[in-house]
Amino acid sequence: MRVRVQRDLPVPMRDGVTLLADRYVPVGAERAPVVLIRSPYGRRGLFGYAYGRGFARHGLQVVIQSCRGGFGSGGLLDPLGDEHDDGMATVEWLRGQPWYPGAFAMHGPSYLGYTQWAIAPYAGPELKAMATQITASQFRDAAYVGGAFALESALSWTTLTNGMSRRFGGAALLTAPRQTRRAVLSGRPVAELDLVSAGQALPFYRDLLAHHADPAVPYWHRRDFSAEVGKVEAAVTMLGGWYDVFLPWQLRDYLAMRAAGRQPYLTIGPWWHIDVRHGPVTRAETLAWFRAHLLGDRSGLRESPVRLYVTGAREWRDYPDWPVPGMRPRRWHLQRAFGLGPEGPPEAAPDRYRYHPGHPTPVIGGPVLLADSRPRDQRRLEARRDVLVYTSPALREDTEAIGPVSAELFVRSSTPYVDVVVRVCDVHPDGRSMNVCEGVRRLTAADAGDVRRVTVDLWPIAHRFAKGHRIRVHVASGAYPTIARNPGAPGWDVPGVPADVEVFHDPSRPSAIFLPLTGA
C-alpha cells in the first residue's frame, strides 16, 4: 500500500507552545484509524520508517509527534512533567482534524510508552488500543531502585537527551554510555557527574537528586500515573525483557489491570532495554494487536494472553496469567559454611564483611538503561571480600523458577545508612556463575536498630536451573555504578563512613531467598 506523508503539522498546546507532528496516510484510506506516537527522540529516521510507514502500509494512519523542547517542537523539555497536558492537548487537536475517524491507538517503547500511560486513563472511549514496550506508568521507582539512586541509568539518559538536542545528535545513543562510564569512574561528587558526562548541568539529573523516591514528594504528582492504570479501558499489550530496567513496574501495571478486571496481553523475552532483538517481535505483535482492535481482524492474536521465554530452558511458553499457575514461593535458606538450601538453617555465627564507600563494591552486568545487560560471569566479583557468596549443592533435577523473587535477610550494620544488595546466580558445572536477577534495598536511620529484618525485591524471573547446576546467592552493600555508592550517612557527597555488616542465618533469624518454584 502506498503511503503519503505530511510533514511538520503544527499542534497547539494549552499554554501557547506549538509541537510538530508528521502524518503518514495510506493512500485511499484517508480516514483510517489513527496510531498516535509521542516521542522525545525525533519523528523521522528509524521512527518514521518503522512506525510511520510500517503501520501505514497496513491501512492505519500514523501521527508521530515530537515532545516539547526537541526536533522543532517549541518549549523546553521537562522530562515526564508535561506529557499528560501535552498528550491531552494533542488528542483535542486530533478530534478537530477532518481526517480523524473518531478512534485512535497509541504505540511505543520506553519513554514513548510512558507518554501513553500519561493520557490513557483520561482519553475516553476513543482510545481503543495501546501497544507498550519496555516501559511503565511511572519511572520514579526505576530511578530509585529499592530507595537507592539508579546512577548509571539516570545519568546516561539525561546525557543522551542533552546530546540529541545538539548537532549530530543521532550519535548520542553511541556516545552517551561512554561519556557516562567516564563520569562515574572520574571520582567526582555525584552532584557534579553531569558536568563530566555532558559538559554542563543537566536539570533533570539534578531534579532526580533533589527529589527522592517517596511518592508523596510533590515533584512526582505530575509524573506518576500508576494509580490510574486500572481505569484504562483500552486494550493493552505489554512487551518486556527479563533484563530490562522497567520490568518490575511494568508487571505492576499488568497486575493493576488484572485487578480491575482487564485482560492485557504480556510478552517477556530474554532482552534488555536497548536490545534490538525485541524489535521484530514488537512489530509483529503490535500490528496483530492493532488489526484486532482497530480493524476487526483478530486472526493474528494468540490464544493465551501471557507468553514468556524461559531462560536456561531456552524456550517460549504460553500461560493464562502472571504469576503463572502452579507457582509457589519457596524459602531457600542461607546456611553456615556459605551453603544454600531449602532446609531450615542450623545454629551458626553470622557472616561478616566491610563495605567501604571509598572503594564501593562494583557490579558486573545487571539491568542498565543504555547498556548490554545480558548475564555475565560473576566469579571475579565473588572473589571480593565485601561480597558474601552462598551456594547450593549440585541440583539433582531441573529446577524451574517462574515469578517474583524476594529475599528476607537479618542484618546488622555499624552504620544506620547502608544498602543491602542481593543477587541470584546460576552456577554451571564448568564453574561459570551467571547472574539471573538482582535487587537492592537502601536502609536509612528510620530503619536503625540492632538486627534489622530486611526485605529485598529482586527482578522477576522465568529460569531453569538445570540438573547438575547450582543456585548461588550474593549479599553485598554496593553495585556501583548501577546504583550510587552509599556514603553511610545522609547526603550524596558527605565523607564516606565504612559499614561493618553482619548477616545472620540461624533458627531465630533465618535469612532466605524466596524462589518462585513451579511444580514443587
Side-chain angles (χ1 to χ4, degrees), residues 105-121 123 127-142 145 215 224-273 278 281-282 284-286 288-290 292-293 301-311 316-327 329 367 401-406 437 439 457-463 514 516 518:
M106 297 189 73
H107 169 72
S110 192
Y111 196 101
L112 287 69
Y114 172 83
T115 65
Q116 298 181 57
W117 288 117
I119 69 169
L127 176 60
K128 302 297 184 184
M130 297 166 55
T132 70
Q133 303 87 33
I134 53 173
T135 193
S137 60
Q138 55 91 5
F139 288 170
R140 179 194 64 248
D141 291 343
V145 183
D224 181 355
F225 303 98
S226 58
E228 309 299 317
V229 165
K231 299 179 181 178
V232 175
E233 297 183 1
V236 177
T237 183
M238 305 177 181
L239 180 141
W242 294 121
Y243 316 121
D244 178 45
V245 291
F246 296 124
L247 179 64
W249 304 283
Q250 185 175 37
L251 288 173
R252 286 187 192 174
D253 291 338
Y254 174 88
L255 293 174
M257 295 203 75
R258 293 292 290 129
R262 319 293 183 202
Q263 182 58 80
Y265 269 43
L266 175 68
T267 301
I268 307 177
W271 308 308
W272 50 94
H273 197 74
H278 57 67
V281 181
T282 290
E285 292 199 350
T286 299
W289 196 251
F290 288 163
H293 297 287
L301 295 184
R302 62 178 185 252
E303 182 177 347
S304 297
V306 175
R307 176 167 291 176
L308 309 177
Y309 185 89
V310 182
T311 57
W316 287 96
R317 297 189 195 157
D318 288 350
Y319 294 97
D321 207 351
W322 171 274
V324 302
M327 182 279 292
I402 304 177
V405 181
S406 64
C437 63
D457 292 323
L458 285 71
W459 255 237
I461 62 175
H463 185 75
F514 288 86
T518 58

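The shown structure was predicted, so the numbers you read here are calculated from the model rather than taken from an experiment.
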Report yes if some heavy atom in the side chain of [X] is under 4.5 Å from a heavy atom in the side chain of [Y]; otherwise report no.
X      : Y      : value
Pro460 : Leu251 : yes
Ile402 : Arg317 : yes
Asp457 : Ser406 : yes
Met257 : Leu266 : no
Pro248 : Trp459 : yes
Thr282 : His107 : yes
Pro329 : Pro404 : no
Asp141 : Arg252 : yes

Nearest heavy-atom pair of [X] and [Y]: which atoms, and what distance?
X      : Y      : result
Thr115 : Leu112 : OG1-O, 2.7 Å
Phe139 : Ala136 : CE2-O, 3.6 Å
Ala256 : Val229 : CB-CG1, 3.9 Å
Pro516 : Ile461 : CG-CG1, 4.5 Å
Gln116 : Ala131 : NE2-O, 3.1 Å
Met106 : Ile119 : SD-CD1, 3.4 Å

Quick check, are the ring centers of Trp289 and Tyr265 under 6.0 angstrom apart?
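They qualify: ring centres under 6.0 Å apart.
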
Does [X] use its side chain to pair, donor to acceptor, with the backbone of [Y] at less than 3.5 Å?
X      : Y      : answer
Trp242 : Leu308 : no
Gln133 : Gly113 : no
Arg302 : Pro305 : yes
Ser137 : Asp224 : no

Please work out which of the three classes, parallel, tilted or perpendicular, describes the rings of Phe246 and His273, given edges at 30° and 60°.
perpendicular

Give the ring-plane orientation class for Trp316 versus Trp271, where under 30° counts as parallel, over 60° as perpendicular and anything between as tilted.
tilted

Gap separating the [atom1] atom of [X] from the [atom2] atom of [Y], nearest 0.5 angstrom:
X      : Y      : atom1 : atom2 : value
Leu239 : Thr286 : CG    : OG1   : 7.5 Å
Met238 : Gln250 : CE    : CD    : 6.5 Å
Ser304 : Tyr319 : OG    : OH    : 10.5 Å

Checking Thr267 against Glu285 for the side chain to side chain donor-acceptor pair (under 3.5 Å) test, could you report, in this order, the C-alpha distance in whole Å, the side-chain angles of both residues, the deciding distance, and whether it holds?
CA-CA 9 Å; Thr267 301; Glu285 292 199 350; 3.0 Å; yes

